[in-house]
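Here it is: the structure, laid out below.
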Amino acid sequence: MRIVLIGPPGAGKGTQAKRLCEAYNMAHIATGDILRANVRNETDLGKLAKSYMDAGELVPDQVVIDMVDARIAEPDAQDGFCLDGFPRTATQAEALQELLTERDKPLHRVLQFVIDDERVVHRLSGRRVHPPTGAIYHIDFNPPPADLDAWTLVHREDDHEDVVRNRLEVFHKQTAPLIGWYEERGLLSKIDADGEMEEVFGRAREALDAAADA
Ligand code: AP5
């Protein structure tokens with residue numbers, strides 16, 4: 001299955017993507033994770049992306065499109081993938097459609113994670129990530145295991161409230177218009193992303209199973 005997850009920062013896309021990828025045997029392609037790995041490794045791409053990411057702005061379209069083009073050509077993505085954080089602009093959505101049409105691998109579903117802005121500000125203030133494994137925790141809702149070294153956990157630079165508010169604004173201006181674009185193409189399922197992680201997972205599965213049966 002080939003799917004896209006769209007939603008504001010902190011909606012739970014990464015959390016659910018990991019579980020959905022296991023359940024449906026999809027490659028997890030998270031553009032934010034790929035960019036952050038490049039920043040950590042101080043590659044040219046990472047050096048270019050860092051200032052945009054720290055400010056909560058989008059990295060230029062062509063950079064991200066080329067990155068996704070290369071990633072979906074990798075062997076583990078041939079049986080399916082979950083795009084988490086891409087596309088985020090009209091240009092990226094059009095480029096994705098072209099790339100997938102050329103490969104005769106159309107999208108099966110786009111899941112829109114719906115959640116209130118204030119909820120995500122709270123979620124992101126408590127998020128801690130574990131770069132060596134990619135695990136995502138929350139100090140209240142999903143605490144890290146007690147035996148994990150606290151120093152290996154990271155509070156992302158862009159999770160500070162002022163940057164989160166800018167990311168939300170960027171989402172509403174540049175990414176939210178894609179929701180209508182996918183709805184017109186009959187690909188969209190809206191998922192209520194508020195509630196326990198298990199409940200949200202159940203809603204996402206229901207939407208994917210319904211799409212597969214249709
Ligand atoms: P990216 O890493 O993609 O960030 P994002 O989309 O803003 O999403 P987040 O990772 O912040 O949130 P999430 O929805 O995955 O939530 P999570 O599951 O972690 O992008 C970062 C930056 O990279 C961008 O700002 C941009 O600069 C650049 N970039 C990336 N892609 C790009 C593109 N296509 N074009 C241009 N630039 C791009 O959950 C959040 C927290 O909530 C966690 O602590 C989690 O434990 C908790 N949580 C999750 N679900 C629940 C629940 N049900 N109940 C309670 N808590 C929950």
Side-chain angles (χ1 to χ4, degrees), residues 4-21 28-40 45-46 48-69 71 82-96 111-117 119-131 134-144 153-161 163-176 178 191-204:
V4 162
L5 306 186
I6 287 191
K13 304 181 298 296
T15 300
Q16 298 298 339
K18 287 184 201 313
R19 300 192 57 179
L20 291 169
C21 284
H28 182 196
I29 303 182
T31 44
D33 289 350
I34 302 174
L35 289 166
R36 275 185 293 279
N38 276 277
V39 171
R40 274 198 304 280
L45 170 58
L48 184 150
K50 188 176 183 334
S51 59
Y52 294 99
M53 296 175 79
D54 287 350
E57 295 294 331
L58 296 182
V59 173
D61 282 333
Q62 201 53 50
V63 172
V64 188
I65 291 166
D66 291 346
M67 203 173 85
V68 170
D69 188 11
R71 181 64 186 88
C82 169
L83 287 169
D84 164 8
F86 181 93
R88 265 170 143 105
T89 64
T91 305
Q92 293 181 18
E94 281 157 15
L96 177 65
L111 301 184
Q112 178 200 354
F113 281 49
V114 182
I115 190 158
D116 191 73
D117 283 3
R119 299 287 284 176
V120 306
V121 173
H122 180 214
R123 281 189 184 179
L124 294 180
S125 66
R127 172 164 62 184
R128 298 294 181 272
V129 290
H130 185 244
I136 305 168
Y137 300 105
H138 190 282
I139 51 177
D140 299 321
F141 307 132
N142 181 25
L153 291 170
V154 173
H155 186 201
R156 274 171 45 177
E157 284 288 325
D158 60 350
D159 277 352
H160 296 283
E161 186 171 341
V163 184
V164 169
R165 299 229 177 251
N166 190 41
R167 288 163 63 199
L168 280 165
E169 213 178 302
V170 168
F171 171 78
H172 290 299
K173 267 200 201 137
Q174 301 194 52
T175 308
L178 302 188
I191 306 295
D192 177 1
D194 206 350
E196 297 289 324
M197 291 177 199
E198 197 56 40
E199 275 177 299
V200 179
F201 181 58
R203 292 173 195 146

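Keep in mind that the numbers below use all heavy atoms, side chains included, and drop hydrogens, waters and symmetry copies. Indexing begins at 1, ligand by ligand and atom by atom, following the structure's order.
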Checklist line | Exam field: side chain Lys13 to backbone Pro8, donor-acceptor pair closer than 3.5 Å | finding: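 Yes; at least one donor-acceptor contact below 3.5 Å.
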Query - Exceeds 12 heavy-atom contacts within 6.0 angstrom, atom CZ of Arg119 - result: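 Open.
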Closest candidate by heavy atom, reference atom 42 (O) of ligand 1, pool Arg119, Lys50, Gln16, Arg123: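 Shortest heavy-atom distance from atom 42 (O) of ligand 1: Arg123.
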Q: Quick one: look up the protein heavy atom nearest atom 56 (N) of ligand 1 and list residue, atom name and how far away it is.
A: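 Result: Phe141 CD1, 3.2 Å.
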### Message
Checking a contact table here: which protein heavy atom is nearest atom 16 (O) of ligand 1, and how many Å away?
### Response
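It is Gly12 N, 3.2 Å.
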Between Arg167 and ligand 1, which part of the residue brings a heavy atom under 4.0 Å of the ligand: side chain, backbone, both or neither?
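Under 4.0 Å from ligand 1, Arg167 contributes side-chain atoms alone.
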I need the Phe171 CZ to Leu178 CG distance, nearest 0.5 Å.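 Phe171 atom CZ to Leu178 atom CG measures 8.5 Å (nearest 0.5 Å).
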Practice task
Would you check if the side chain of Arg127 reaches a backbone N or O of Ile136 as a donor-acceptor pair within less than 3.5 Å?
Solution key: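 No: the side chain of Arg127 does not pair with the backbone of Ile136.
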Handout entry: Minimum-distance protein heavy atom relative to atom 29 (N) of ligand 1
Key =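 Checked against all protein heavy atoms, atom 29 (N) of ligand 1 sits closest to Leu35 CD1, 3.5 Å.
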> Is the shortest N/O to N/O distance between Ala193 and ligand 1 below 3.5 Å?
Replying inline: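 No, no N or O pair falls under 3.5 Å.
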_Selected option - heavy-atom contact closest to atom 39 (O) of ligand 1, from Val64, Leu5, Thr15_ =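 The option holding the nearest heavy atom is Thr15.
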Just to confirm my output: which protein heavy-atom neighbour is closest to atom 26 (C) of ligand 1, and how far is it?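 Going by distance alone, atom 26 (C) of ligand 1 is nearest to Glu57 O, 3.5 Å.
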Quiz item: Which is it for Tyr137 and ligand 1 at heavy atoms under 4.0 Å: side chain, backbone, both or neither?
Solution: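 Under 4.0 Å from ligand 1, Tyr137 contributes backbone atoms alone.
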Best match, Arg88, Glu198, Glu199: closest heavy atom to atom 24 (C) of ligand 1: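 Checking each option, the heavy atom nearest atom 24 (C) of ligand 1 is found in Arg88.
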Main-chain N/O of Arg88 paired with Gln92 side-chain donor or acceptor, under 3.5 Å: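 Flag set: sc Gln92 to bb Arg88 pair under 3.5 Å.
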Worksheet item: Does an N or O anywhere in Gly195 fall below 3.5 Å from an N or O of ligand 1?
Response: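 Between Gly195 and ligand 1, an N or O pair is found under 3.5 Å apart.
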**Request:** Give a yes-or-no answer on whether the side chains of Asp33 and His28 include a donor-acceptor pair shorter than 3.5 Å.
**Result:**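 There is no such pair (donor and acceptor under 3.5 Å, judged by atom type) between the side chains of Asp33 and His28.
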Is there a nitrogen or oxygen of Gly56 sitting under 3.5 Å from a nitrogen or oxygen of ligand 1?
->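 So ligand 1 has no N or O lying under 3.5 Å from an N or O of Gly56.
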Spacing of NE2 belonging to His160 relative to CG belonging to Asp158, to within rounding of 0.5 Å
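Result: 8.5 Å between the selected atoms.
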Identity and separation of the nearest protein heavy atom to atom 12 (O) of ligand 1:
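Result for atom 12 (O) of ligand 1: Gly10 N, 2.8 Å.
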Practice task
Could you check atom 9 (P) of ligand 1 against the protein and tell me its nearest heavy-atom contact, residue, atom and distance included?
Solution key: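 Looking only at protein heavy atoms, the one closest to atom 9 (P) of ligand 1 is Arg127 NH1, 3.3 Å.
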Hey, is the main chain of Ala55 close enough, under 3.5 Å, to the side chain of Glu157 for a donor-acceptor pair?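 A pair under 3.5 Å: no.
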Next item on the list: Give yes if a backbone or side-chain nitrogen or oxygen of Gly7 is under 3.5 Å from a nitrogen or oxygen of ligand 1, and no if not.
Entry: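 In fact, backbone or side chain, Gly7 has no N or O that close.
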Nearest-neighbour protein heavy atom for atom 43 (C) of ligand 1, which is reported as residue plus atom name and distance: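 Looking only at protein heavy atoms, the one closest to atom 43 (C) of ligand 1 is Ile136 CG2, 3.6 Å.
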Among all protein heavy atoms, pick out the one at the shortest distance from atom 22 (C) of ligand 1; state its residue, atom name and that distance to 0.1 Å.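 Checked against all protein heavy atoms, atom 22 (C) of ligand 1 sits closest to Met53 CE, 4.0 Å.
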Check: Asp84 N/O within less than 3.5 Å of ligand 1 N/O
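Among all N and O atoms of Asp84, none is under 3.5 Å from an N or O of ligand 1.
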Q: Ignoring angles and geometry beyond distance, decide whether Arg128 reaches within less than 3.5 Å of ligand 1 through its nitrogen or oxygen atoms.
A: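 In fact, backbone or side chain, Arg128 has no N or O that close.
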